[in-house]
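What follows is a single structure, written as structure tokens, with notes after it.
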Amino acid sequence: MNNWEIAHMFDEIADLLDILGENPYKARAYRRAAHKLGNAYLDVEELAEEGRLQEIPGIGSALEKKIEEYLKTGELKYLTQLRKKVPTSLRQLLLIPGIGVKTIQIIYQHLGITNLQDLEVAARKKLLRELPGIGVKTEQAIMRGLEVHVLRRRRMLLHHAFAIAGEIESHIKDKLPGLARLQIAGSLRRGKETVGDLDFIAAADNPSPVVDAFTTAPFVNDVVAAGEVKATIMTKWGVQADLLVVKPEFIANALQHFTGSKEHNIALRGIAREQGFKISEHGIHCDGQVTAPATEEELYRQLGMSYIPPELREGRGEIEAAQSGVLPNPLEVDDIKGDLHVHSEWSDGVNTLEELAQSARERGYRYLAVTDHSRSLYVASGLTEERVLKQCKEIRHLNKGFTDFHLLAGIEVEILPDGSLDFEDELLAEMDIVIASVHSGFNQDRETITRRVISALQNEHVDIIGHPTGRLLGRRDPYDIDVDVLLEVAAETGTALEINASPDRLDLNDEYVHQGKELGVRFAVNTDAHDVYYLDDMRYGVLQARRGWAERNDIINTLTFEQLSDWLQRN
DNA sequence: GCCGTTTTCGGCCCGACTGTTTTCAGTCG
């Protein structure tokens with residue numbers, strides 16, 4: 001976990017450099033390095049020991065020295081110095097949409113504002129509009145930005161939550177090799193798109209060593225509460241974690257209880273009461289007798305229903321479905337036969353076509369669609385028509401070398417603000433697969449942007465709509481598209497909608513997937529990977545698909561290559 | 001601060017949009 005600590009510090013350095021008005025490229029270098037380190041697929045400590053830190057792109061000699069300094073001393077002098085020059089709390093203001101470093105400099109210099117609370121007070125007092133370069137509209141935009149920010153804060157993205165939970169889990173298991181069971185519960189176990197805090201359930205006859213291991217771990221910043229069987233800590237990652245220790249015979253009940261959701265549990269308790277039971281984390285009570293099912297499967301069976309996977313426990317009708325035995329058989333990671341949305345070095349990805357094919361084959365995939373950006377997306381080095389055709393040719397050539405695997409020549413074509421596509425139909429007809437996506441003009445009104453995406457859906461060459469609502473979790477709201485209409489038209493045209501597996505997106509979200517499935521919409525679970533490491537994000541997409549009750553038959557990339565080819569021809 | 005090179009400096013994704021201006025700065029993606 002040194003990766004993240006260093007990544008956090010580099011991010012802080014970058015922000016402070018920006019606020020101080022230093023060379024923006026220097027700040028960008030720190031930010032890039034932080035991003036690279038944050039991806040958890042590297043271990044800085046290991047690389048440092050081997051003297052290979054500079055092999056990480058974005059780490060040069062200066063940053064290598066800083067990483068080594070931190071690993072050795074636990075401190076970064078450079079950051080300490082920066083913190084003396086400018087209040088680090090100013091960084092908070094960067095989180096407000098509409099505020100950048102220049103605005104921060106102005107309000108800091110003129111009003112001495114250093115945090116969100118002071119900013120809000122100043123905005124309410126209408127002091128901001130008096131500052132140079134800021135008018136009434138900007139002041140109002142800042143007010144709105146503050147409201148949005150409050151709603152968003154303090155929830156983790158799934159990959160962060162899994163990584164931190166894994167860290168905590170392995171620490172306790174290392175400390176207590178005899179521990180019968182330790183399991184993640186809560187919203188993380190349900191695969192919710194963002195996670196507030198982490199819940200752990202442990203099974204042990206003697207709870208105190210488990211609680212001790214938890215509360216005295218090196219990552220604990222603060223012990224919020226600690227009793228005989230329960231504890232709450234604040235970690236140094238700024239994430240709260242709860243632990244409950246139960247007797248081994250009650251593990252299934254405890255796990256069920258603390259997995260939630262609240263709505264699911266309330267409904268479940270209602271059912272139990274109707275049947276003369278009372279359920280809690282301490283077993284099933286009936287006529288003064290307490291029974292403890294050994295597994296969750298048995299628990300649900302005792303309540304007269306089939307097992308409900310955690311991802312479905314949201315109080316959205318799963319209990320009724322489980323009682324009448326019509327619960328879906330949710331999609332599994334192993335059902336996925338290929339990824340239909342990845343980028344190569346031809347646009348803004350980092351890998352060659354060969355590397356992509358190799359990585360896909362290592363994951364047991366039967367096919368992989370290379371879908372680089374189209375020409376209008378300059379920022380991502382979108383491909384010109386000539387480049388697209390050249391790439392197609394190269395892909396066709398590579399395919400000759402495979403017997404049990406296929407690269408599909410695809411494109412992620414821009415849906416332009418007027419609803420037209422970035423390439424002519426003649427070119428799109430050449431492609432094996434076409435994803436159409438929105439990457440610009442997010443602020444169009446509901447009618448305009450809905451019409452815009454619908455016209456892409458209706459293009460006969462478009463197979464999939466990429467990240468259909470355009471949201472970035474915690475950073476950007478979805479554009480104002482009418483998803484109900486989108487789902488209806490997708491069902492009509494047979495165009496698939498993407499379930500983008502990137503933990504930043506998870507777009508479409510679970511509820512829309514559920515809604516679409518009812519209408520007969522097909523989906524594609526894709527990673528949108530720009531680097532082969534991110535092909536592993538597939539599991540987050542599968543979680544969301546499961547949460548949307550999607551089964552294998554709802555997902556086009558569970559098809560065999562031959563079936564997929566048929567589907568692409570027909571649609 | 002990184003990195004590649006017409007190789008030890010000079011560029012670093014570039015254009016749209018908005019608001020505050022009066023010709024441009026700031027923010028965003």
Side-chain angles (χ1 to χ4, degrees), chain A residues 6 9-37 53-69 76 78-79 82 93-108 128-145 148-149 343 345-350 372-384 412 414-418 422 437-445 448 466-467 470-472 474-479 502 504-505 528 530:
Chain A
I6 296 169
M9 298 178 102
F10 281 4
D11 262 330
E12 186 177 347
I13 289 173
D15 286 351
L16 297 181
L17 288 173
D18 272 336
I19 291 167
L20 284 164
E22 306 244 349
N23 180 0
Y25 295 109
K26 186 171 169 180
R28 186 188 295 179
Y30 274 100
R31 208 165 272 127
R32 258 179 42 136
H35 183 77
K36 208 72 196 171
L37 294 175
L53 281 171
Q54 289 201 43
E55 286 180 29
I56 304 172
I59 307 281
S61 62
L63 292 188
E64 177 181 48
K65 284 205 187 75
K66 294 210 165 52
I67 292 172
E68 287 168 351
E69 182 201 347
L76 264 185
Y78 185 51
L79 176 57
L82 288 176
L93 308 194
L94 281 173
L95 298 172
I96 307 299
I99 293 190
V101 287
K102 300 293 177 186
T103 311
I104 290 179
Q105 285 167 13
I106 291 168
I107 59 183
Y108 176 53
L128 300 181
R129 63 179 65 179
E130 305 299 328
L131 301 177
I134 296 179
V136 176
K137 289 203 170 171
T138 303
E139 188 182 71
Q140 287 168 346
I142 290 173
M143 292 280 270
R144 278 197 306 279
V148 170
H149 173 67
H343 295 271
E345 62 171 8
W346 286 63
S347 66
D348 60 347
V350 303
D372 278 312
H373 294 287
S374 64
R375 58 188 170 194
S376 288
L377 200 64
Y378 307 106
V379 293
S381 316
L383 302 183
T384 60
E412 182 179 18
E414 290 300 296
I415 306 175
L416 299 171
D418 66 358
D422 203 11
S437 307
V438 169
H439 291 104
S440 63
F442 299 115
N443 292 326
Q444 289 179 332
D445 63 61
T448 309
H467 39 74
R471 71 172 179 175
L472 291 176
R475 286 189 284 150
R476 183 175 74 205
D477 287 335
Y479 34 73
S502 165
D504 291 307
R505 291 189 181 270
D528 199 356
H530 287 66

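The sequence lines fix the lettering, A, B, ..., with proteins before strands; numbering per chain opens at 1.
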* Partner nucleotide, any strand, of dT8(B) [Watson-Crick/G-U, under 3.5 Å] -> none
* Asked: Quick one: is dA16(B) close enough that its OP1 or OP2 comes under 4.0 Å of any side-chain N or O from Ser440(A)?
  -> no
* Taking for each residue the nucleotide of DNA chain B bearing the nearest heavy atom, is the 5' side occupied by Thr138(A) or by Leu94(A)? -> Thr138(A)
* To do: Quick one: pull up OG in Ser61(A) and CG in Leu53(A) and give me the separation to the nearest 0.5 Å.
  => 11.5 Å
* Counting heavy atoms from C-beta on, name the nucleotide in dG19(B), dT27(B), dG1(B) closest to the side chain of Lys137(A). => dG19(B)
* To do: Using the P atom as the reference point in each nucleotide, state the distance between dG26(B) and dT20(B) in Å, no decimals.
  => 13 Å
* Asked: If the sugar-phosphate is the primed atoms plus P, OP1 and OP2 and the base is the rest, what is the B/S/- string for nucleotides 7-14 of chain B, using protein heavy atoms under 4.0 Å?
  -> -----BBB
* Structure fact -> Ile134(A) CD1 to dT21(B) C1', in whole Å, measures 14 Å
Under 3.5 Å between N/O atoms: give me all the protein pairs with nucleotides 3-5 of chain B, atom names plus distance.
unit_1 : atom_1 : unit_2   : atom_2 : d
dC3(B) : OP1    : Gly58(A) : N      : 2.8

* **Asn443(A) atom CG: more than 12 heavy-atom contacts under 6.0 Å** => no
* Parallel, tilted or perpendicular: which fits the ring planes of Phe442(A) and Tyr479(A), with parallel below 30° and perpendicular above 60°? -> parallel
* Structure fact -> Testing dC2(B), dG26(B), dG29(B) for proximity to the side chain of Leu63(A), the answer is dC2(B)
* **Pairwise C1' distance for dG10(B) and dT5(B), with rounding to whole Å** => 10 Å
* Between Glu345(A) and His530(A), do the side chains contain an N or O donor and an N or O acceptor separated by less than 3.5 Å? -> no
* Do Arg28(A) and Asp18(A) meet the salt-bridge criterion of a basic N to acidic O distance under 4.0 Å? -> no
* Between dC9(B) and dC17(B), how far is it from one P atom to the other, in whole Å? -> 41 Å
* To do: Tell me yes or no: between the side chains of Ser374(A) and Glu414(A), is some donor less than 3.5 Å from an acceptor?
  => no
* Asked: Can you check the Ile19(A) CD1 to dT27(B) C1' distance for me, whole Å?
  -> 15 Å
* Euclidean distance, atom CG of residue Leu93(A) to atom P of dG26(B) [Å, nearest integer] -> 16 Å
* Leu79(A) has an atom CG; how far is it from atom P of dG1(B), in whole Å? -> 13 Å
* Whole-Å distance separating the CZ atom of Arg31(A) from the P atom of dC2(B) -> 15 Å
* Asked: With rounding to whole Å, what would you report as the distance between dT21(B) and dC13(B) at their C1' atoms?
  -> 27 Å
* Hey, does Gly98(A) reach any base, or is it just sugar-phosphate, or nothing, if we go heavy atoms under 4.0 Å? -> sugar-phosphate
* Structure fact -> note: Leu128(A), atom CG; dT20(B), atom C1'; distance rounded to Å ~ 15 Å
* Distance between the C1' atoms of dT18(B) and dT23(B), in whole angstroms? -> 15 Å
* Kindly write out the residues that satisfy side chain to side chain donor-acceptor pair (under 3.5 Å) with Tyr378(A), not counting sequence neighbours, or none if the list is empty. => none
* Asked: What is the ring orientation for His373(A) with His439(A), classed by angle as parallel under 30°, tilted 30 to 60°, or perpendicular over 60°?
  -> perpendicular
* Nearest whole angstrom, please: distance from the C1' of dT20(B) to the CD of Glu130(A). => 14 Å
* Span that lies between the C1' atom of dC12(B) and that of dT22(B), in whole angstrom -> 32 Å
* Structure fact -> Between Ala27(A) and Ala14(A) the two heavy atoms that sit nearest each other are O-CB, 3.4 Å
* Structure fact -> In terms of heavy-atom contacts, Leu63(A) and Ala33(A) come closest through CD1-CB, 3.6 Å
* Asked: When the P atoms of dT6(B) and dG11(B) are considered, how many whole Å apart are they?
  -> 14 Å
* Asked: Hey, does Val136(A) reach any base, or is it just sugar-phosphate, or nothing, if we go heavy atoms under 4.0 Å?
  -> sugar-phosphate
* To do: Answer with yes or no whether the side chains of Ser376(A) and Asp422(A) bring together a donor and an acceptor at under 3.5 Å.
  => yes
* Determine the contact category for Lys65(A): base if any of its heavy atoms lies under 4.0 Å from a base atom, sugar-phosphate if only primed atoms, P, OP1 or OP2 are that close, otherwise nothing. => nothing
